[in-house]
Amino acid sequence: ENTAWRINARSSALVPPLATFAPNMFRSSPGTRIEISVQDHSLAMGETDLVLSFEEPSKGNIIRKKVGSMEFNAVCSRYFQNDLEGWISIDYGSVTPSLEVPMHDYFSTGPMLKSFGMPAIKQVVLDSPLAAILPAHMTQSDPYITQLGGERAQVSLDIWLFYHASRRGD
C-alpha cells in the first residue's frame, strides 16, 4: 500500500533532521511518499499529517514526542572576525528571539540584514563582515567559519514531532 505523509517543518532548519528518520519510514513501509513543507499548515484542519517544530505544542488534541535537539552557534567568517560590522537575523519561527540573544549581547544593536530563508546565509557569512546564528551541523567542520563569544554563543533547542490524536493508529 502506498502511503503519503505530509510533514510540516516549522522552520527550514528542521528539514535536514527529517533525513534521520525518513529512511526508516521508507524501509518499514515500502511505497511511502513524503511531502515536506515549511509553510504553516494546520493539523486540526487536516492540512498536514506530522509537524516538526522547535516549540513544544501546548494545546490541542495532539500527540507529542521530543525527538532530539539541535545546536546553534553564533558564527562569522574567519577572514572578517576582527572587523565585524553587524549580524543577520534569520527567521527560525517563534524561537527566533531566544536564538538571537547572543547576537544582541555581542553587538548591542539590531540586525543589519533579515532573512526568511536559511540556505544561502552561510555563504553570506563567509563573504561578508556579518555574523549569524546557524545550526552547528552547517558550520562546525568549515575551516573558514569561526564561533563568536565562546559557550554563551551556543544555543540548543529541542525538536518536537507531533500529530493529531485522530491519526494515532496510522
Side-chain angles (χ1 to χ4, degrees), residues 6-21 35-45 47-48 50-60 62 64-162:
R6 297 167 299 164
I7 303 174
N8 180 222
R10 296 270 164 98
S11 167
S12 60
L14 288 164
V15 174
L18 288 172
T20 62
F21 71 86
E35 299 170 12
I36 300 170
S37 173
V38 293
Q39 307 298 321
D40 222 2
H41 295 289
S42 170
L43 281 172
M45 300 299 288
E47 297 171 343
T48 192
L50 299 168
V51 174
L52 204 58
S53 176
F54 290 123
E55 192 170 30
E56 180 180 9
S58 59
K59 58 185 172 184
I62 57 174
R64 62 185 64 72
K65 180 181 180 183
K66 180 180 166 188
V67 293
S69 63
M70 185 179 289
E71 304 296 319
F72 291 81
N73 295 321
V75 296
C76 66
S77 166
R78 284 196 184 280
Y79 181 75
F80 294 106
Q81 68 184 346
N82 296 320
D83 297 308
L84 290 174
E85 295 177 12
W87 61 284
I88 303 165
S89 172
I90 302 168
D91 184 359
Y92 289 110
S94 61
V95 297
T96 301
S98 62
L99 277 176
E100 292 182 343
V101 168
M103 293 309 217
H104 287 288
D105 290 349
Y106 190 88
F107 289 100
S108 301
T109 64
M112 292 184 72
L113 172 66
K114 289 188 175 193
S115 173
F116 290 94
M118 185 189 62
I121 297 302
K122 179 181 175 187
Q123 193 61 48
V124 173
V125 167
L126 284 167
D127 295 338
S128 74
L130 300 176
I133 299 282
L134 290 171
H137 71 268
M138 284 182 66
T139 61
Q140 61 195 17
S141 63
D142 191 318
Y144 301 104
I145 289 187
T146 189
Q147 187 173 316
L148 293 177
E151 284 187 26
R152 68 185 176 93
Q154 298 173 328
V155 178
S156 179
L157 296 176
D158 291 335
I159 299 174
W160 293 90
L161 178 69
F162 49 100

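- One distance of note links CD1 of I36 with CG of L52; it measures 9.0 Å at 0.5 Å rounding.
- Note that CD1 of I145 and CD of Q140 are 11.0 Å apart. Values are rounded to the nearest 0.5 Å.
- For the pair K122 and M138, the tightest heavy-atom approach, listed with the atom from each and the gap, is NZ-O, 2.9 Å.
- A distance of 11.5 Å separates CD in E85 from OG1 in T109, rounded to the nearest 0.5 Å.
- Between Y92 and F54, the ring-plane angle classifies as perpendicular under the 30° and 60° cut-offs.
- Here the shortest heavy-atom pairing between E55 and F162 reads O-CE2, 4.1 Å.
- Here the side chain of S115 pairs no donor or acceptor atom with the backbone of I90 at under 3.5 angstrom.
- With rounding to the nearest 0.5 angstrom, the CG atom of N8 is 12.0 Å from the CD atom of E35.
- Of the options V75, I88, D142, a side chain to side chain contact (heavy atoms under 4.5 Å, CB included) to L134 is made by V75 and by none of the others.
- S77 and L126 get closest at one heavy-atom pair: OG-O, 3.4 Å.
- To the nearest 0.5 Å, atom CG of residue D127 and atom CZ of residue F80 are 7.5 Å apart.
- Of the possible polar contacts, none joining the W87 side chain to the M112 backbone as a donor-acceptor pair under 3.5 Å is found.
- Here the shortest heavy-atom pairing between A131 and L148 reads CB-CD1, 3.5 Å.
- Nearest heavy atom pair, residue T96 against residue S89, reads CG2-OG, 4.4 Å.
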Counting only pairs under 3.5 Å, give me each side-chain donor-acceptor contact of residues 64-74, with atom names and distances, residues two or more places apart or in other chains.
| residue | atom | partner | partner atom | Å |
| --- | --- | --- | --- | --- |
| R64 | NE | P57 | O | 3.0 |
| R64 | NH2 | P57 | O | 3.3 |
| K66 | NZ | D158 | OD1 | 3.3 |
| E71 | OE2 | S156 | OG | 2.9 |

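- Here the side chains of V51 and I62 are not in contact, with every heavy-atom distance at 4.5 Å or above.
- What you find for R78 and P143 is that their closest heavy atoms are NE-O, 2.8 Å.
- Atom CD1 of I121 is separated from atom CD1 of I133 by 13.0 Å, given to the nearest 0.5 angstrom.
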